[in-house]
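One structure is given below, encoded as structure tokens.
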Amino acid sequence: MRRHLLGSALAAAAVLAATGCGTGGLSKGGDPATGKTLFIAKCGSCHTMADAGTQGKVGPNLDDAFAGDRRQGYKESTIQQVVRDQIELASPPMPPNLVRGQDADSVAAYVAMCAGRPQTGTPCVTASQGGGGTTTGGTTTTTAATGTTSTGATTTTGTTAAGDADHGKALYTSLGCVGCHTLSGEKSTGPTFKGLAGSQVKLADGSTVTADDAYLLESITDPDKQIAAGYSAGIMSSVIKPGQVSRDDANDLVAFIKQQK
């Protein structure tokens with residue numbers, strides 16, 4: 001979601017929200033608690049929102065985006081419709097179909113309820129412990145308060161000689177990798193992790209490299225060093241700065257990535 005899109009959308013949203021003329025139809029209901037859980041897992045790596053405790057810099061700061069609109073008297077239902085339509089109208093670097101159906105309604109309801117509100121020290125809403133579930137192309141994703149716990153991809157657990165894959169799985173969520181790199185093979189803001197390890201990767205400069213341990217480690221510790229073809233520099237590095245991930249944690253992430261067959 002981009003601020004200029006949100007601003008222009010809100011100018012016409014009073015009509016659109018009443019008629020459901022956005023791309024996703026009229027957004028009704030949605031569970032804000034589930035939406036908060038999904039937002040943290042799916043959106044937080046790219047968007048800042050104080051209530052969610054997220055600090056993503058790739059997309060707009062949603063508190064800044066909606067604080068002024070609240071002051072102007074826009075209703076929550078209007079903001080919810082705008083957010084729901086922006087999910088449906090996703091344009092790069094925001095991936096399409098990040099959440100769908102009732103999950104998209106829940107995320108929109110959460111943002112509409114909590115974005116841009118003054119912080120009082122008490123959460124606007126408490127994240128659902130059960131999370132939400134989205135089925136996409138036969139792959140079921142179930143989220144919990146800490147992120148994605150099952151992605152429908154083939155994942156095993158354990159420790160390899162190079163790193164701890166179990167810890168790597170936890171880092172996949174806590175560092176926000178889940179928001180840009182799928183485990184199902186679907187393209188997102190970044191390359192899918194499914195089948196990545198050991199594959200031939202075409203780079204933006206036209207060369208081809210093997211995604212061996214060294215390549216994967218460098219991609220984590222220095223994200224802009226080698227950019228895969230079809231993707232843009234500066235997206236991952238705006239969230240994960242060069243050198244931010246320790247060598248041990250990078251090794252753990254590589255071990256996890258190597259398990260995604």
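We count residues from 1, following the sequence as given. Predicted, not measured: the structure shown is a model, and the values here were computed from it.
- Without hydrogens or angle criteria, H47 side chain to P60 main chain gives a donor-acceptor distance under 3.5 Å.
- No donor-acceptor distance shorter than 3.5 angstrom exists from the side chain of S106 to the backbone of G35, with no hydrogens or angles considered.
- Rounding to the nearest 0.5 angstrom, the gap separating the CD atom in Q244 from the OG1 atom in T221 is 11.5 Å.
- For the pair Y172 and D252, the minimum side-chain heavy-atom distance is 4.5 Å or more.
- In terms of heavy-atom proximity, P32 sits nearest to A109 at CG-CB, 4.2 Å.
- With hydrogens and angles ignored, the 3.5 Å screen pairs a side-chain donor or acceptor of S219 with a backbone N or O of Y215.
- F39 places a side-chain heavy atom less than 4.5 Å from the side chain of T54.
- Under the 2.5 Å SG-SG cutoff, C180 and C46 do not qualify as a close cysteine pair.
- For the atom pair NZ (K258) and CG (D212), the distance works out to 9.0 Å, reported to the nearest 0.5 Å.
- Within a 6.0 Å radius of CD in Q55, other residues, nucleotides and ligands contribute 12 heavy atoms or fewer.
- The two residues T37 and A127 make their nearest non-hydrogen contact at OG1-CB, 3.4 Å.
- Atom OH of Y110 sits about 11.5 Å away from atom CG of L38, to the nearest 0.5 Å.
- Side-chain N/O atoms of D205 and S207 include a donor and acceptor closer than 3.5 Å.
- Residues I220 and I240 have side chains not in contact (no heavy-atom distance under 4.5 Å, counting atoms from C-beta outward).
- Going from atom SG of C43 over to atom CD1 of I87 covers 6.5 Å, rounded to the nearest 0.5 Å.
- When side chains are defined from C-beta on, S45 does not count as touching V178, because their heavy atoms never get closer than 4.5 Å.
- A salt bridge between R247 and E218 is absent, with no side-chain N of the basic residue lying under 4.0 Å from a carboxylate O of the acidic one.
- Between C114 and V125, the shortest heavy-atom distance links the atoms SG-CG1, 3.8 Å.
- Here L196 contributes atom CG and K261 contributes atom NZ; the two are 11.0 Å apart, rounded to the nearest 0.5 Å.
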Applying side chain to side chain contact (heavy atoms under 4.5 Å, CB included) to K194 and S184, what does each step give before you reach the verdict? CA-CA 6 Å; K194 183 177 183 180; S184 63; 5.6 Å; no
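- Linking ILVMFWY side-chain heavy atoms closer than 4.5 Å, directly or via other members, places V209 and Y231 in two distinct hydrophobic clusters.
- Between the side chain of Q259 and the backbone N or O of A255, no donor-acceptor pair lies under 3.5 Å.
- Among the candidates R117, K36, Q119, the single residue satisfying the side chain to side chain donor-acceptor pair (under 3.5 Å) test with D51 is K36.
- Judged purely by atom type and a 3.5 angstrom limit, Y74 has no side-chain atom pairing as donor or acceptor with the backbone of F66.
- Of all the heavy atoms in Q102 and D31, the pair that sits closest is NE2-N, 4.4 Å.
- For the pair D63 (side chain) and G116 (backbone), a donor-acceptor distance under 3.5 Å is present.
- No donor-acceptor contact under 3.5 angstrom links the side chains of T182 and S188, judged on distance only.
- I79 has its side chain within reach of R70: a pair of non-hydrogen atoms, C-beta onward, lies under 4.5 Å apart.
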Evaluation steps, side chain to side chain contact (heavy atoms under 4.5 Å, CB included), between K42 and L98: CA-CA 7 Å; K42 295 286 190 178; L98 196 58; 4.1 Å; yes
Step by step, work out the side chain to side chain contact (heavy atoms under 4.5 Å, CB included) result for L183 and F256. CA-CA 11 Å; L183 305 183; F256 172 68; 3.8 Å; yes
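- Looking at heavy atoms from C-beta onward, T189 lies in side-chain contact with I235 at the 4.5 angstrom threshold.
- In this model, a donor atom of one side chain and an acceptor atom of the other lie less than 3.5 Å apart for T210 and Q200.
- L203 has its side chain within reach of V201: a pair of non-hydrogen atoms, C-beta onward, lies under 4.5 Å apart.
- Annotation for S237 and G234: closest pair OG-CA, 3.3 Å, computed over non-hydrogen atoms.
- D105 pairs in a side chain to side chain donor-acceptor pair (under 3.5 Å) with only one of the listed residues (R100, Q80, R84), which is R84.
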Working note: D69 + T78, criterion side chain to side chain contact (heavy atoms under 4.5 Å, CB included); need CA distance, chi angles, decisive distance, verdict. CA-CA 10 Å; D69 301 315; T78 300; over 6 Å; no
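- Contact check for D224 versus I227: side-chain heavy atoms found under the 4.5 Å cut-off.
- Using cut-offs of 30° and 60° on the angle between ring planes, the pair H181 and F193 is parallel.
- If you take SG on C177 and CD1 on I257, they are separated by 7.5 Å, rounding to the nearest 0.5 Å.
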